[in-house]
Structure formats: structure tokens, C-alpha cells
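For reference, the structure is listed below as C-alpha cells.
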There are 2 protein chains.
Amino acid sequence: MIEARHLRVLRAVARTGSFSAAARELGCTQPAVSQQMKALEQSAGTPLLVRTGREMRLTQAGEALVRHAAGILAGLSAAEDEVAAIAGLRAGRVRLVSFPSGSSTLVPTALARMRAAHPGVRVSLDEAEPPRSIELLRNGECEIALAFRYPEVPGADPSAGAEWDDLVVRPVLSDRLTGLVPDGHRLARAGAARFTDLAGDPWIAGCPRCRTHLVEVCERAGFTPRIDFATDDYPAVIGLVGAGLGVAALPELTLASVRPKGATAVRLEPAVHREIVALTLPDLAHVPAVGAMLDQLADAAGR
Amino acid sequence: MIEARHLRVLRAVARTGSFSAAARELGCTQPAVSQQMKALEQSAGTPLLVRTGREMRLTQAGEALVRHAAGILAGLSAAEDEVAAIAGLRAGRVRLVSFPSGSSTLVPTALARMRAAHPGVRVSLDEAEPPRSIELLRNGECEIALAFRYPEVPGADPSAGAEWDDLVVRPVLSDRLTGLVPDGHRLARAGAARFTDLAGDPWIAGCPRCRTHLVEVCERAGFTPRIDFATDDYPAVIGLVGAGLGVAALPELTLASVRPKGATAVRLEPAVHREIVALTLPDLAHVPAVGAMLDQLADAAGR
DNA sequence: CTTCCAGCATAAGCACTTCTTGGGTCATAC
DNA sequence: GTATGACCCAAGAAGTGCTTATGCTGGAAG
């Protein structure tokens, strides 16, 4: 079985016309070259070189091998270059899947920084909510999934985060829940409120997991919220609150890029956080482009 | 440095989707595959595979490598095929240089047999006298030189064969010198003659070395031949003898393919032989096609 | 829910390959 | 004649690759 190493040596010998010169070129000793060529001739089954006193000539088989070697070694070199480019963050692609409200500020910042730091790496972005984004990750359809989780509420079903224990979980941001009340609400002026203060209000809930978590938190606070509406669409939640239809508890991040109309943000006590994390597969975490993108996500949040 | 072995393993893994299956395909154990891939990832500087529970997927770098591997391994395989064809006498080329009178019978026979035995090997033929043909051999412009030599005449200059002692000398034929006299010559009827019987005759000599040797033999027999003509062209020698201009001593081979007109061949005593040999470089003797052609030359003579 | 099975990782031991070192021979150049 | 450069050979050392044995994990079946 011919190995690339053999061809490299053969090519050097053919080019320099001498074992010694080839050895110098290859950075080894002359006997090493001699032995390599012997081994290659052995596996070729025919002499490849003719030692005729002063000069070294190729046999026909040697010429054939050198001729092929050019293409083979060029291909090998191209392969190494391409891999090195990917490993060196000069090329590559990262497919990122984010949950909708993460895309608005965190992701654009991270993408911009990534592009500045590693212009060769292309990052694509899709949106999907956690259960779906994890599936995409496991199916190999993306490298990073941006998701969020709520800290476990004592006594509640701990199934939410259980699916991630075989993934790399990179904390990105801890996103405190902010209360949102209509402008005319009795607590709008106070600027702060406890959950129990809103026990009697109608609630506008967010996505299913957010809703579940809201219920758990409220029940821990001693009441069961009356949820009149629930929607994945955070702008819609803001709109509903602005229309005076209820109150809501929204992650700060969802309010960072919009100015609520007809609604006022109030500080909620006790503090409840939504933890935003970037997820990837253990092996993928070692891929340079993926690691760099994870870093950028963390950095973008730390701003 | 990426080696072909790595790519073979990677390709098998990519195709089968499993280390174990790849190991079976490659005829080795699973840890061997595991280690090879680890080494390859090490030298690539980035993961190439993602182990995700049940299935094995390629990273982008892995895909790039597999993509290149196809071409590289194909090229390697083509190179091996071509070399194997040359080594297996299914292809190749042998350049034979012969002295003129050797080409008439010996060489055609050998060429015909060679073609029958190994149709894929092309044999080219050029003509050159020994000093020149040896030069061609040493310069790499041919693989086999067909030449002749006379056994050393005691007391003569031994320089003739001295240049061959670093070559492979393959005896092909021992070609006895035959006397050629005009039809009306006093010895034409006898059918045999000693050199001394022709001491008074004018001689027609052959090529320079033949002429030198003739003089040596005659002087050893006790006389110095009177050489009226000397020519490389054996048919011309025959013509001159036929015209009654002298006698000659010709190798049998030169008479094998022609019928002398106006001249008669007589057995010469004592027997003097011209030895026809095939010469090649030591390394070239191990090239299958060269070896086969040497065999055919020897066989053609042994007929 | 437990058990079984398939597949990968790891460690240790062994064999092979490959490299280097230190001879030696031959040819060429001064 | 000597010196130099190139190759070959042999022996020893280093490194690499393969195998066996073992543990671990995830998925499938009972």
C-alpha cells in the first residue's frame, strides 16, 4: 500500500536527483531516504530508480509514480489547507438556531462581533423554540442552539432541563423578569411590585414554558394567576398589556429593543431570572468556529 | 502531516457511519480505527466527527477531508494500478539498441516472442555499434544494449571488454566465425580452412573491432593479414568477396538471413567465436520488462 | 423499569516500522 | 594522492500502530 510519505520522498529524490539532497530537503538523514525508497520499490514490485554512478534516474515505473505523485500530493495539500482554514477560523460555517426573542439584540451583536473577528466564518441563523431547536441540534442541522431555561422552582416538575444533561450548556445571560403593567395601573407609578401585588390582575402569558413557569412562581407566592391570554409573540404581549387587558412578566431582553406603548415596566420582587444558554454537542464545542461563536455570544451578553 | 492511511480510515468511517463497521471493512480492530481517527483529528487541529449517541456525523472539516479523500485515494489507486501494470508486464516500454547485424535475425525473433508473451510491453529498437550503444545505455537513453565481444586474445590489449564490468552482461549467443571465399577460390570446395591457409589472400574486414580482432587472430596464427577493404556493412563484405576481391571471416549470424552470391562459406579452423551479449544496468536488470526482454533475447538465440 | 447489547474510549503490551548513528566503498575533483 | 561527496549497510533506539482486555454509555427489548 503506497503511502503519502513515500511519494513525498520520491518526489524530493526525483527533483533533487540525489538521496542526500532529498534528505536535506526533507529534514532527515540520507539513510532514511534510502530506506524509504527501498520500501517503496518493494511495495511497487519494480525498481523506481536507476543508480548509475553519478546520477540518479527514474525508471518508467518511477516516472509514472512521480507523475501521479504531483496530483496526489497537491490534493493532499489542498485538503490540509482547507482543514487548516477551518481550524484556523479563516473559513467555515456555523449554523445557529435561536429562540425568537434572543434574536433581537443578543444574536445580532454576537453576529456582528463574530464577523469582525473572523470574517471567513459564515454564521447562519434560524429561529426555533427550545424543544425544536434541541432536536435540530441533535439531528445535526445546527451547531449551536440558543435557548433559555428557568431555574427550577422547588416542588415543580424538573423535566424542563433534564434533556440537556448530555449537552454542553454555556451560560450566556441571566435575564431578570420585569413586570409590565398598563400605564394607568395602580402600580405603574411605584416602579416596583411583588408578585402578590398582582394576584388579582388578569395576566398575559408568554410561551408555553414561560406560562408554566409563571404559574409555578405565582403559586409559590401564594396565588394562582388568572391568565386571560397567552401568546408566543412578545410584541403581542406588550400590545395586550398596553391595551389594558392585563399585566405580564417579561424578560428584560424582550423589552430592550422596543419601547412599550401604553405600558410601563416595573421592577418585580422577588427577583426571578430566565437563564439564556447556548447549547451545543460535546464534540462540536471543540470545533474552533463553534467555540468562537459561543465566546461571542457570551461576550455580547456581558456587555 | 496527513497520510493516506488516515484518509482510508476516515472514508470507511464516513461510509459506514461507525467505527466498528469501518474496522470490519478495513480488516482491523475497532480500537485501531478509534486511534487513527484520534490521530487524524489531532493533526487536523479540529474535530472531524461528532459522536452523537447512535450516529456518527461529520463536521465541516470532516466533510472537506472526505471530499478531498475521494480524489486523493483515486489518484493513489491509479498510481498503484499503473505501477502494477508495469511490474506485471502488462504495460511498459523497453528501448533496445542493437548492433546492425544483430538486428537482422536475433532481434526480430526476440521481438516477436516478446510481443506474443507480453503484448502490453512496447519494445523500441535502435541501432548502434557497441561504443555508442554503451553510451546510450549509461545515459539512460535505452534499457538494453545488444553488443558483441571477442574473447580476449592472449597478448592483445584487454581494453575491449573492460568497460562492461559495472554492467550486467547477459550472454546471448556464441557466434562462430565462418570463412567466406569467392566461388572459384581454391578452398571453396574443401568446405573448411585454417586461418593460415588464407595467409596469402587479400582480406575484407568488417567493423573496426572486428578488424582489430581479425588481425590479432591472424597474428596469433602466424601471419599478418593483408586487408584491402574494411566496411561496417556486412552485405558489402559479402558482395566484395562475391566479386572475388578477397576473403573474409564473418560471424555466422550475418549469413543466416542472406544467401551469398558468388561466394562460399567455409568452416574456419581453429574455431573463433564472437560472443553476443545483452547489456543493461544492474538496477534495470530487475525491472520486469527488461528482465523479460533479456530472457527473450537469450531464448531467441537458443532456438 | 430493568436487562441486554452494540459501540466507543482507554490502557497495557507487543510487534513492526522508521530513524539515527557509525561504519564502509566508490567515484570524482584538486 | 588525498579529500570530498554520495551511497550502502548494520545495529541500536525511538516511535508508531495494532491487538487484547476492560469499562462506560446509550438504545432497545423484555
Side-chain angles (χ1 to χ4, degrees), chain A residues 1-10 12-43 47-58 62 134-135 137-140 159 162-168 281-283 286, chain B residues 1-10 12-43 47-59 62 138-139 162-163 165-167 281-283 286:
Chain A
M1 203 65 88
I2 295 179
E3 285 298 326
R5 167 171 30 87
H6 295 139
L7 296 184
R8 284 187 246 271
V9 176
L10 177 64
V13 169
R15 184 165 51 220
T16 62
S18 132
F19 282 12
S20 301
R24 282 191 294 272
E25 185 175 308
L26 296 170
C28 64
T29 61
Q30 171 268 320
V33 173
S34 186
Q35 289 172 20
Q36 285 293 322
M37 294 312 303
K38 188 179 234 176
L40 182 56
E41 290 187 329
Q42 175 80 21
S43 77
L48 302 174
L49 298 166
V50 188
R51 291 85 158 171
T52 161
R54 52 187 160 289
E55 60 179 334
M56 186 82 73
R57 272 198 303 273
L58 291 166
I134 302 303
E135 185 185 341
L137 184 61
R138 292 192 194 280
N139 286 346
S159 65
E163 295 177 15
W164 300 354
D165 50 7
D166 60 336
L167 299 178
V168 172
L281 298 175
D283 288 335
H286 301 119
Chain B
M1 204 65 86
I2 296 179
E3 286 297 327
R5 169 172 28 88
H6 295 139
L7 296 183
R8 284 186 246 271
V9 175
L10 177 64
V13 169
R15 186 165 48 221
T16 63
S18 134
F19 283 12
S20 301
R24 284 190 292 271
E25 184 175 307
L26 296 169
C28 64
T29 60
Q30 170 266 317
V33 173
S34 187
Q35 290 172 20
Q36 286 293 322
M37 294 312 303
K38 187 180 230 176
L40 183 55
E41 290 186 329
Q42 175 81 19
S43 75
L48 302 173
L49 298 166
V50 190
R51 291 82 159 171
T52 160
R54 53 184 159 292
E55 61 180 332
M56 185 81 73
R57 271 196 306 271
L58 291 166
T59 66
R138 290 193 196 280
N139 286 347
E163 295 178 14
D165 51 5
D166 61 335
L167 299 178
L281 297 175
D283 288 336
H286 300 120

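Just so it is clear, the values below take in all heavy atoms, side chains as well, and ignore hydrogens, waters and symmetry mates. To find a chain, count down the sequence lines: A is the first, B the second, and so on, and within it residues start at 1.
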What residues, two or more places apart in sequence or in another chain, satisfy salt bridge (Lys or Arg N to Asp or Glu O under 4.0 Å) together with A:Arg57? A:Glu55
According to a strict under-4.0 Å criterion, is B:Ser20 in side-chain N/O contact with OP1 or OP2 of C:dA6? no
Mind checking what makes side chain to side chain donor-acceptor pair (under 3.5 Å) contact with B:Gln35, not counting sequence neighbours? none
Exercise: identify the closest heavy-atom pair between B:Val13 and B:Leu49: CG1-CD1, 4.0 Å
Sequence neighbours left out, cut at 3.5 Å: what donor-acceptor pairs do the side chains of residues 21-34 of chain B make with other protein atoms?
residue : atom : partner : partner atom : Å
B:Glu25 : OE2  : B:Arg15 : NH2          : 2.4

Calculate the interatomic distance between B:Arg138 atom CZ and C:dT28 atom P; express it in whole Å. 10 Å
Short side-chain N/O contact to C:dC8 OP1/OP2 from B:Ser18, under 4.0 Å: yes
Is any side-chain N or O of B:Arg51 closer than 4.0 Å to OP1 or OP2 of C:dG7? no
Counting any heavy atom closer than 4.0 Å, what does B:Met37 reach on the DNA or RNA strands: base, sugar-phosphate only, or nothing? nothing
Please state how far atom NE2 in B:His6 lies from atom C1' in D:dG17, giving the value in whole angstrom units. 10 Å
Check for a donor-acceptor pair, side chain of B:Gln36 on one end and backbone N or O of B:His6 on the other, with a separation under 3.5 Å. no
note: A:Glu3, atom CD; C:dC19, atom P; distance rounded to Å ~ 13 Å
Can you measure B:Met56 atom CE to D:dG26 atom P for me and round it to whole angstrom units? 14 Å
Mind calculating the distance between CD (A:Gln42) and P (C:dT17) to the nearest angstrom? 10 Å
Under 4.0 angstrom between A:Arg5 side-chain N/O and C:dT18 OP1 or OP2: yes
Using side-chain heavy atoms (C-beta onward) and a distance below 4.5 Å, is A:Glu41 in contact with B:His286? no
Specify the separation, in whole Å, of atom CD of A:Glu55 and atom C1' of C:dA27. 14 Å
Gap between atom CZ of A:Arg51 and atom CE of A:Met37 - 0.5 Å precision: 7.5 Å
So which protein N/O to nucleotides 9-15 of chain D N/O distances come out below 3.5 Å?
residue : atom : partner : partner atom : Å
D:dC9   : OP2  : A:Lys38 : NZ           : 3.3

Provide, to the nearest angstrom, the distance between the CG atom belonging to B:Leu40 and the C1' atom belonging to D:dT16. 15 Å
When rounded to whole Å, the CG to P distance for the pair B:Asp283 and D:dC7 reads 13 Å
